[in-house]
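Numbering of ligands and ligand atoms starts at 1, following listing order.
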Amino acid sequence: MNRKYRKTIIAGNWKMNKTATETAQFAEAIKPLLPKTRACEAVICVPALNIAAAQKALKGSRIQVGAETLHEAASGAFTGEMAAGMLADIGVKYVIIGHSERRQYYNETDFTVNQKIRAALDAHLTPIVCVGESLQQRELGVEQELLAYQVMTAVSGLSAAEMKRVVIAYEPIWAIGTGKTATAEQAQEICAHIRACIRKKYDARTARAVSILYGGSMNTGNAAELLGMPDIDGGLIGGASLKPADFAKLIECPAQVENG
Ligand code: PGA
């Protein structure tokens with residue numbers, strides 16, 4: 001983390017979990033557990049259907065409600081999809097883009113990710129852009145080249161001012177939902193590499209302003225070590241964000257890391 005130059009963000013990714021009723025129950029359970037210290041932004045990205053329920057239930061708390069995906073077009077004949085403007089209109093700020101599950105199951109590519117980032121920024125949303133290598137790609141030793149390609153394609157066409165509004169989430173696919181976390185050193189190496197790529201394309205000021213999160217089996221046991229790394233500015237958390245006590249602890253973690 002480096003709070004002097006950029007935001008620390010603890011974001012939950014609920015994927016296809018919890019009904020509206022369970023969302024309200026989660027909110028009631030977590031509210032009394034939330035830390036008063038504000039060393040990070042706290043976000044939960046929930047299924048689109050439950051955004052309104054989550055907003056209502058978390059109103060007045062420090063947790064913001066985000067979305068898990070959006071469509072790249074502003075409107076039109078795209079049955080079942082939702083546009084950036086619709087999310088902005090109901091007060092959503094954060095949206096996850098290009099999660100590996102969207103890439104794997106719904107044909108999202110680096111090119112559609114680029115278009116979705118454009119749509120999000122145009123609607124004044126903050127995109128949390130997911131990138132990461134597969135186990136096979138890591139075993140081949142091509143992760144640095146791959147990550148450079150993914151990030152550069154994703155942010156193609158963005159001005160430096162727009163780049164500063166993008167959040168990147170490095171999520172090695174082999175660590176998602178597997179209980180296998182990247183070591184803090186592995187995660188730091190890639191996050192620093194991503195920042196170096198942004199520096200090369202833009203400049204040092206832009207690169208140091210971008211929040212880069214780690215995701216992949218982050219939990220209450222490993223978060224402090226990951227967040228202690230200079231280029232890891234938070235987490236995108238799946239499984240552990242579904243449990244109120246765990247997620248509250250994760251929101252508290254940046255303050256603890258900062259205070260040593
Ligand atoms: P996980 O998911 O924390 O359950 O590994 C992270 C993610 O997919 O964003």
Report yes or no: does R62 contribute a side-chain atom to a donor-acceptor pair with the main-chain N or O of P35 at less than 3.5 Å? yes
side-chain hydrogen bond (donor to acceptor under 3.5 Å, both in side chains) filter on T206, not counting sequence neighbours, yields D203
Quick note on ligand 1: atoms under 4.0 Å from a heavy atom of A175 include exactly 5 (O)
Ligand 1 to H99, heavy atom cutoff 4.0 Å, flagged ligand atoms 7 (C), 8 (O), 9 (O)
Should G215 be counted as touching ligand 1, given the test is an N or O pair under 3.5 Å? no
Counting from 1 in the order shown, the ligand 1 atoms closer than 4.0 Å to a non-hydrogen atom of I176 are 2 (O), 5 (O), 8 (O)
Would W174 and Q136 satisfy side chain to side chain donor-acceptor pair (under 3.5 Å), going step by step from the backbone distance to the final call?
CA-CA 9 Å; W174 48 271; Q136 222 175 7; over 6 Å; no
for atom 6 (C) of ligand 1, nearest protein heavy atom and its distance come out as G238 N, 3.5 Å
N/O to N/O below 3.5 Å, does that happen between G216 and ligand 1? no
K15 heavy atoms within 4.0 Å reach ligand 1 at atoms 2 (O), 7 (C), 8 (O)
Margin query: With a 3.5 Å distance limit and no angle check, can you tell me whether N13 reaches the backbone of C45 through a side-chain donor-acceptor pair?
Written below: no
Ligand 1 atoms nearer than 4.0 angstrom to some heavy atom of G239 are 1 (P), 3 (O), 4 (O)
Residues joined to L140 in its hydrophobic cluster, side chain to side chain under 4.5 Å directly or through other members, sorted by chain and number, are V142
Of all heavy-atom pairs linking V95 and A120, the shortest is CG1-CB, 4.1 Å
* Is the W14 ring parallel, tilted or perpendicular to the F26 ring (thresholds 30°, 60°)? -> perpendicular
Ligand 1 atoms nearer than 4.0 angstrom to some heavy atom of S217 are 1 (P), 3 (O), 5 (O)
When distances are taken from atom 9 (O) of ligand 1, the protein heavy atom at minimum range is E171 OE2, 2.7 Å
